[in-house]
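Here the structure is laid out as structure tokens; the discussion comes afterwards.
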Amino acid sequence: MEQWKQSVLTGVALIILALLFSYARKEMSIWMILVIILGVVDIIFGLYRKTKM
């Protein structure tokens, strides 16, 4: 699989897992917010690398 696709899929997985975990605990902690931000950055980085290829 191409690097940019892996990066985008990893970002999506991080966001989904963070949202599911937060929903299960019924609270949004600072750590879950940081994981969501990390997922968004990972998606942006993957899409940036796609445009550079």
Side-chain angles (χ1 to χ4, degrees):
M1 185 180 291
E2 297 175 43
Q3 280 300 99
W4 69 269
K5 284 183 184 177
Q6 266 185 325
S7 184
V8 170
L9 290 177
T10 303
V12 170
L14 280 173
I15 292 171
I16 290 172
L17 288 174
L19 291 175
L20 287 175
F21 189 73
S22 295
Y23 178 75
R25 294 189 65 200
K26 304 286 192 245
E27 66 177 284
M28 182 67 87
S29 69
I30 187 70
W31 298 110
M32 289 301 114
I33 293 170
L34 289 175
V35 169
I36 291 170
I37 291 171
L38 179 65
V40 170
V41 168
D42 200 19
I43 291 171
I44 291 169
F45 185 68
L47 293 176
Y48 174 74
R49 285 181 18 183
K50 177 186 176 189
T51 59
K52 284 295 192 185
M53 292 182 158

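Excluded from the calculations below are hydrogen atoms, water molecules and symmetry mates; all remaining heavy atoms, backbone and side chain alike, are included. Counting from 1, the numbers follow the sequence of the chain as shown. Not measured: the values here are computed from a predicted model.
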Seminar exercise, completed: By side chain to side chain contact (heavy atoms under 4.5 Å, CB included), Leu17 pairs with (sequence neighbours left out) none

Problem set entry | All pairs passing side-chain hydrogen bond (donor to acceptor under 3.5 Å, both in side chains) where residues 9-21 contributes a residue, at least two apart | none

Exercise. Roughly how far, to the nearest 0.5 Å, is CG of Leu20 from CE of Met32?
Worked result: 11.0 Å

Exercise. Are Ile36 and Val12 co-members of a hydrophobic cluster defined by side-chain heavy atoms under 4.5 Å apart?
Worked result: yes

Exercise. Is there any salt bridge (Lys or Arg N to Asp or Glu O under 4.0 Å) pair reaching into residues 30-41, and which pairs are they, with sequence neighbours excluded?
Worked result: none

For this session: List for me each residue that meets side-chain hydrogen bond (donor to acceptor under 3.5 Å, both in side chains) alongside Gln3, sequence neighbours excluded, and say none if there are none.
Result: none

Exercise. Can you name the residues that form a side chain to side chain contact (heavy atoms under 4.5 Å, CB included) with Leu9, not counting sequence neighbours?
Worked result: Met1

Seminar exercise, completed: Rounded to the nearest 0.5 angstrom, the CG-CG distance for Leu19 and Leu14 is 11.0 Å

Problem set entry | NZ on Lys50 to CH2 on Trp4, rounded to 0.5 Å | 4.0 Å

Please set out all donor-acceptor pairs under 3.5 angstrom arising from side-chain atoms of residues 39-46, sequence neighbours excluded.
| residue | atom | partner | partner atom | Å |
| --- | --- | --- | --- | --- |
| Asp42 | OD1 | Ser7 | OG | 2.7 |
| Asp42 | OD2 | Gly11 | N | 3.4 |

Seminar exercise, completed: The remaining residues in the hydrophobic cluster of Tyr48, counting side-chain heavy-atom contacts under 4.5 Å among Ile, Leu, Val, Met, Phe, Trp and Tyr, are none

For this session: For residues 12-33, pull every pair meeting side-chain hydrogen bond (donor to acceptor under 3.5 Å, both in side chains), keeping only residues two or more places apart or in separate chains.
Result: none

